[in-house]
Protein chains: 2
Amino acid sequence: MPANKAKRALQVAQAIVSDIQLNAREAGDRLPQEEDMLARYEVARATLREALRFLELQGVIQLQLGRGGGPVVSRPQTRDFASSLSLILQFMDTDLRALLELREAIAPDMAARAAVRATNADLAALDDCYAQLERDRETAAFEETNRRFHDLLGWASGNPTFGLLTSALHLLTRDLAVELGYSAQERANQLRCLARVLNAVRLRDADGARRHMERLVKGSSEYLAARSPELVSQKVRWGDPG
Amino acid sequence: MPANKAKRALQVAQAIVSDIQLNAREAGDRLPQEEDMLARYEVARATLREALRFLELQGVIQLQLGRGGGPVVSRPQTRDFASSLSLILQFMDTDLRALLELREAIAPDMAARAAVRATNADLAALDDCYAQLERDRETAAFEETNRRFHDLLGWASGNPTFGLLTSALHLLTRDLAVELGYSAQERANQLRCLARVLNAVRLRDADGARRHMERLVKGSSEYLAARSPELVSQKVRWGDPG
DNA sequence: ATCGATTAATGCTTATACGTTTTTATGGCT
DNA sequence: AGCCATAAAAACGTATAAGCATTAATCGAT
């Protein structure tokens, strides 16, 4: 197999990932130390280290220094995924407008799924976040809390892809749109919509959640496009994600 | 500082990307070889290799072996993005059902955008692909041509995120669903829907394209779920694409 | 002119030595 | 006995060099 023959380090990386899954390692668990892995995978130390550092970049493990240190299982975070996403989008000359369109596409369905699947814990977290959002309605923290609400809703949808994409989009847009906040009127408008979405979710009304969310994100996009055309034309750039 | 040192490879990777963009390197251009880069970025060999390996996985460069080889500028392809996506989704225990739900969410909007923005070249390609699909209606190539049609529609939407996600989802599902094809009846049904979508796109009827596409993907998901519940419960696994 | 063998350039892997960081143990001083 | 400082050990981190494997370019014979 020519495809498999190349890149021994990557093979080792995949083997380590398989091992993590097979042994059901949780985040925080310690993996065998380098010396044991050397014997296990029968490679040189430099090769093993390349595999480990590669996995570290991907967020699969963390490498702890010093005595008693070693590779520790981590969990790939949204940040790592967002980094990959922004890199490829940069090469495709993607602008903020495209990201907003994607959000328009997924947010309504996401809300509908959340209405069906949100757990009580999810609902409590959403309630808390909404209350916080009302307290932040006139502070600089509004945008951040707003993003957090959408993130929570994404993870409450019971579909990891929604939560992942929503969080990733927020990470990408945060760097671009940091200088521009919503007006007081727009904030009030968004709060109203969010309240309706939250209420629909609480009532397990999937259709209502979808409709109100659709209205919300569409309005948000139109607001940003009208307020600052050059902002939504900004190109995504791969920045230091962490 | 160990924390800063850990990100050194990413800094180098960013520097290389900046260099590519600043010098307007095209795909196929050769970058300086390892020895020169070592002097230029003043890092250890392992660090540089880590940066190169990272960029290789992201598809920014290709590492060619042998004489006249070295780092060559490439263009990030969907395959590379799909690899990152599958890695993180594996750790989130994502199953095929979640991927289908995501497709349900984005495909209708994607079709609507394509109806507005598709160029004549896009339309011609879609026509060709549809004709091919009718010829393939009773062969094993149907599924693949079907995927290609959706890919084309994604790129015709004028929004790279739609094309990217659609193609990535196809790469992820291809490995899982390879053993299960559509029935003749389901194929006929999908062909009918696709014809309606294509027609709406041709007429610049965004709403019609959205509705017909919604019907199509919803039907497809229901068909798969009914036909093979254990299939849609299969978990995404990293390591297939690449 | 073409095809095959040779050669050279390059990345890949291994091997070894030394440096750094953290924990642990020791030991002398109060 | 208790406590702080210093040394040792255990692990990862960095650096360098050498040989291996792979492939493109080159050369030569037919």
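Letters A, B, ... mirror the listed sequences (proteins, then strands); counts begin at 1. The shown structure was predicted, so the numbers you read here are calculated from the model rather than taken from an experiment.
- Side chains of B:Ile88 and A:Gln58 form no contact here, defined as non-hydrogen atoms less than 4.5 Å apart.
- Evaluation of the side-chain contact (heavy atoms from CB on, under 4.5 Å) rule for A:Ser86 yields A:Leu172, A:Val236, A:Trp238 as partners, not counting sequence neighbours.
- A salt bridge is absent between B:Glu26 and B:Arg75: the closest approach of a Lys/Arg side-chain nitrogen to an acidic carboxylate oxygen does not fall below 4.0 angstrom.
- For B:Asp136 (side chain) and B:Leu133 (main-chain N/O), no donor-acceptor pair under 3.5 Å exists by modelled atom type.
- The existence of a salt bridge linking A:Glu56 and A:Arg53 is excluded, since no basic side-chain nitrogen approaches an acidic carboxylate oxygen closer than 4.0 Å.
- A salt bridge links B:Arg174 to B:Glu144: one of the charged nitrogens lies within less than 4.0 Å of a carboxylate oxygen.
- Taking 4.0 Å as the cut-off between side-chain N and carboxylate O, B:Glu138 and B:Arg187 do not count as a salt-bridged pair.
- For the pair B:Asp109 (side chain) and B:Ile106 (backbone), a donor-acceptor distance under 3.5 Å is absent.
- Put simply, CG on B:Leu31 is 14 Å from P on C:dT10, counting in whole angstrom units.
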Protein-nucleotides 14-17 of chain C N/O pairs closer than 3.5 Å?
unit_1 : atom_1 : unit_2  : atom_2 : d
C:dT14 : OP2    : A:Ala44 : N      : 2.7
C:dT14 : OP2    : A:Thr47 : OG1    : 2.8

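- Rounded to a whole Å, the CZ atom of B:Arg53 is 12 Å from the P atom of C:dG11.
- In summary, A:Glu50 and A:Arg8 do not engage in a salt bridge, as defined by a charged side-chain N under 4.0 Å from a carboxylate O.
- With A:Asn23 contributing its side chain and A:Arg25 its backbone, the two residues share no donor-acceptor pair below 3.5 Å.
- The interatomic distance linking A:Tyr41 (OH) with C:dT13 (P) rounds to 16 Å, in whole Å.
- B:Asp128 is linked by a side-chain contact (heavy atoms from CB on, under 4.5 Å) to nothing, counting only residues two or more places apart in sequence or in another chain.
- Between the two ends of the helix from C:dA1-D:dT30 to C:dT30-D:dA1, each summarised by a five-pair axis, the helix axis turns through 10° (rounded to 10 degrees).
- Looking at residues 59-67 of chain B, you'll see B:Leu65, B:Gly66, B:Arg67 sit with a heavy atom under 4.0 Å from some atom of DNA chain D.
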Derivation and outcome, side-chain contact (heavy atoms from CB on, under 4.5 Å), residues A:Leu102 and B:Leu165: CA-CA 10 Å; A:Leu102 180 60; B:Leu165 278 177; 3.8 Å; yes
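- Only A:Gln33, A:Glu34, listed by number, bring a heavy atom of residues 32-39 of chain A to less than 4.0 angstrom from any atom of DNA chain D.
- In this structure, B:Leu57 and A:Phe54 have side chains that are in contact, with non-hydrogen atoms separated by less than 4.5 Å.
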